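Below, read A as the first sequence line, B as the second, and so on, with proteins coming before strands; counting in each chain starts at 1. Every value quoted in this text rests on a predicted model; they were computed, and no experiment measured them.
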Amino acid sequence: MTADRTVHVVDDDAAVRRSLERLLHSASHACVSYPTPAAFLDAVRELPGGCILLDVRMPDMDGLELQDRLIQLGVTLPVIVMTGQGDVQTAVRAMKAGAVDFIEKPFDDEALLGAIEVALARVGRPDQTLASTEAAQRIAALSPLERQVLDALVSGRSNKQIAFDLGLSVRTVEVHRARMMERLGARQLAEAIRLAVMAQLASGTGPDRLGVS
Amino acid sequence: MSLTGVRDSQELRHSIRDLVALSTLPAIWKGYDPQQIADSVAAALLTMLGPDVVCVSLPGEREEAGIEIIRTAGISAELDNAIRTALQGWLRSGSSSQSASAVPLGHSTLNLASAPIGFGSDAILVVGSRRADFPSESQRLLLGVAASEATIALQRWHAEADQRRFVALVENSSDFIGVAGLDGVPQYINAAGLRLVGLGGLAEASRLHVLDFLMPKEVALVRDELWPRVMRDGRWVGELEYRHFKTGAAIPFLVEWFRIDDPRRGYPLNIATVSRDLTAQKRAEAELLHLNDTLEHRVADRTSELAEAHRKLIREGRDRELADARLQEMRQELFHAARLSAAGQTAAALAHELNQPLTAAANSVAAARRLLANGGEGIVTALEVMGEAGEQILRAGNIMRQSREFVSRGETEKRVERVSTMVEEARALALKGPGAPGVQVRLHFEPNAPHVLVDRIQIQQVLFNLMRNAIEAMHASRRRELDVATSLHDERMVEIAVTDTGPGLDDDVAVRLFEPFVSTKPNGMGLGLSICRSIVEAHGGRLQSEANPGGGMSFRFTVPSAPHDGDNNDR
């Protein structure tokens with residue numbers, strides 16, 4: 001079932017593609033890389049399985065557009081989105097568009113490989129019910145203020161903006177943000193955002209393709 | 001003989017009768033005025049002496065009109081006229097000084113007898129008759145007595161005139177006027193005084209004591225202090241409350257008490273008072289006071305209403321100011337965000353550019369580590385992979401270098417710009433932000449450096465930034481003056497200085513001022529000055545700050561000057 005474990009990398013940067021191949025091979029993953037979304041779309045119909053590792057920032061067509069196209073084509077392979085640092089909004093949109101996970105460049109190899117493991121385990125099981133329910137439970141455990149801070153972060157607001165919106169000091173927002181992360185068991189903001197987005201999916205909001213622009 | 005005797009005795013009887021009659025006249029004349037006295041004398045003599053005419057002439061004294069009474073009896077109107085004319089002629093002729101005289105009266109003669117009235121005055125009493133035996137001795141005597149009586153009566157009347165005037169004055173005065181004995185018993189109180197204290201008459205008053213006229217609370221003061229003082233000093237003036245005998249009500253009086261001494265011997269005779277009822281005045285004063293109070297109250301009420309309205313206005317004004325400030329702040333943030341977005345986009349692009357090689361390098365290093373860990377032929381691959389990682393790290397370095405060159409060498413659009421226009425535009429923008437009202441802005445442009453070669457947008461960002469910083473720094477300052485001045489730094493560079501009167505900067509901040517993310521503002525990003533410095537340095541200039549000797553900060557930067565007549569694209 002090697003084909004099932006193939007990671008399809010879509011990135012316009014040759015060095016990144018190459019390094020990912022190296023890394024994935026070293027971790028015993030099959031890996032095929034594509035320099036453009038178009039090249040990937042050409043090949044996607046014949047893909048037997050595996051997961052997709054997608055850079056959001058590419059010329060001609062970005063990762064989010066590609067996600068849309070894949071959904072239109074009925075491709076159900078799980079998608080992991082690679083975003084730039086702090087590009088929360090894009091990550092959220094990717095998640096809403098059905099990505100199983102997102103990962104910020106540059107990333108720790110363990111994080112990448114972990115995400116891929118999760119994604120591959122989900123092949124053929126595109127519903128995210130289990131993880132979503134768990135995320136919803138964790139989110140529900142937050143205090144109202146922690147929830148507000150999380151929601152604001154998900155909508156891409158900075159600490160400073162959140163402080164202004166909620167009439168709090170930046171310091172207070174930082175405190176609530178730290179507690180929120182702790183309760184969610186998230187070490188990085190990306191994790192917290194992923195949980196928030198998944199919880200939203202669990203609540204029936206569903207993939208939000210309108211968020212893509 | 002006997003007939004003469006009878007006649008003599010009869011005449012004597014008549015004379016005595018007339019004398020007695022005359023002696024009663026003064027009693028009748030009591031209260032008579034001069035006119036009435038003259039009439040009465042004339043009538044009496046006409047009866048007693050049986051003459052044809054009696055005349056009383058009393059010349060007027062001072063402004064008074066004179067009195068001249070001519071009475072005739074038992075004669076024809078024609079004769080009456082003749083007599084009057086003759087008599088008046090005689091009076092005017094000045095012959096009246098003679099005690100007896102005669103004036104011609106047609107075919108007969110009018111014999112006259114006269115007696116002066118008073119002493120040395122022109123007043124005269126004249127009696128005339130056509131009878132040859134007029135006047136007899138007794139007639140002359142009676143005339144003299146009548147004149148004397150009239151003199152006394154008239155003099156008394158004149159003497160009493162002053163007294164009457166005073167009495168009238170006192171009686172008609174609306175003031176309380178009274179005289180008491182030294183024992184304090186009232187001897188006289190005028191009508192107004194009696195009325196004011198509610199007494200029916202003087203008789204009632206004379207049973208009282210001066211102290212009875214006072215309100216009880218005043219008694220001790222008057223008895224122990226004021227009365228003795230009047231006795232000693234002769235006078236006291238002050239306010240006291242009298243008592244109304246019927247109602248018991250207090251009547252405020254302005255009281256003047258004085259001692260009346262015997263004019264010749266000097267010992268005190270009486271204590272008198274002239275006291276003015278102050279009720280009306282007090283009432284008026286009270287009313288005035290009340291009016292004043294009311295007015296004051298109304299003024300106070302109105303004032304507090306106005307103050308409240310004013311406070312409300314101020315509150316509303318403050319609310320509006322806050323709203324305005326908030327709006328301005330938001331506008332400012334938007335502007336700030338917009339201004340930074342270009343830089344932000346550049347930074348994001350740069351971050352992405354750097355992320356790629358860093359991601360690749362990190363992946364490669366991770367792959368190499370795994371290969372090395374696995375051992376075997378993987379080691380060869382690991383070496384290659386490490387090489388790739390190194391390449392990517394170098395690539396990142398190259399991106400950094402290129403971006404620095406991008407900023408410093410600049411793809412910026414440099415044009416010849418007019419300094420004053422740039423500064424004024426930037427000022428207009430900066431003054432639209434919060435905290436600007438009340439800031440006095442002074443611009444000074446060096447006439448020999450009107451143009452600079454700059455990217456206008458960038459340099460205006462610098463100007464805007466420095467001006468906003470200055471305005472914000474002065475928000476709590478009493479003096480809020482913003483100076484922007486240009487000068488020739490050297491032949492190549494123009495210096496623009498932005499100076500404020502704010503509190504200045506702490507030394508530790510001043511040292512790190514141009515580092516990114518150093519800010520003295522609660523919401524500052526700390527990028528403004530570092531971006532400003534980058535922009536200025538990209539123009540080949542320098543941005544420096546210094547504390548003013550007079551307080552506040554001065555930010556000076558230099559930009560290349562341009563030829564005065566240089567066209568826009570000339571370098």
Value for CZ (A:R22) from SG (A:C31), rounded to nearest 0.5 Å, stands at 11.5 Å
Whatever's closer than 4.5 Å to a heavy atom in chain A on B:Q356 counts as both
Mind checking whether A:H8 and A:F40 have parallel, tilted or perpendicular rings, split at 30° and 60°?
-> tilted
If one checks every heavy atom of A:I103 against chain B at 4.5 Å, the contacting part turns out to be neither
If one checks every heavy atom of A:D55 against chain B at 4.5 Å, the contacting part turns out to be side chain
Between A:M180 and the options A:H176, A:R177, A:E182, the side-chain contact (heavy atoms from CB on, under 4.5 Å) test singles out A:R177
Test log, rule side-chain contact (heavy atoms from CB on, under 4.5 Å), inputs A:L53 and A:L20: CA-CA 10 Å; A:L53 185 58; A:L20 282 170; 4.0 Å; yes
With chain A, the option among B:N374, B:T359, B:L371, B:V365 that has the most non-hydrogen atom pairs under 4.5 Å is B:T359
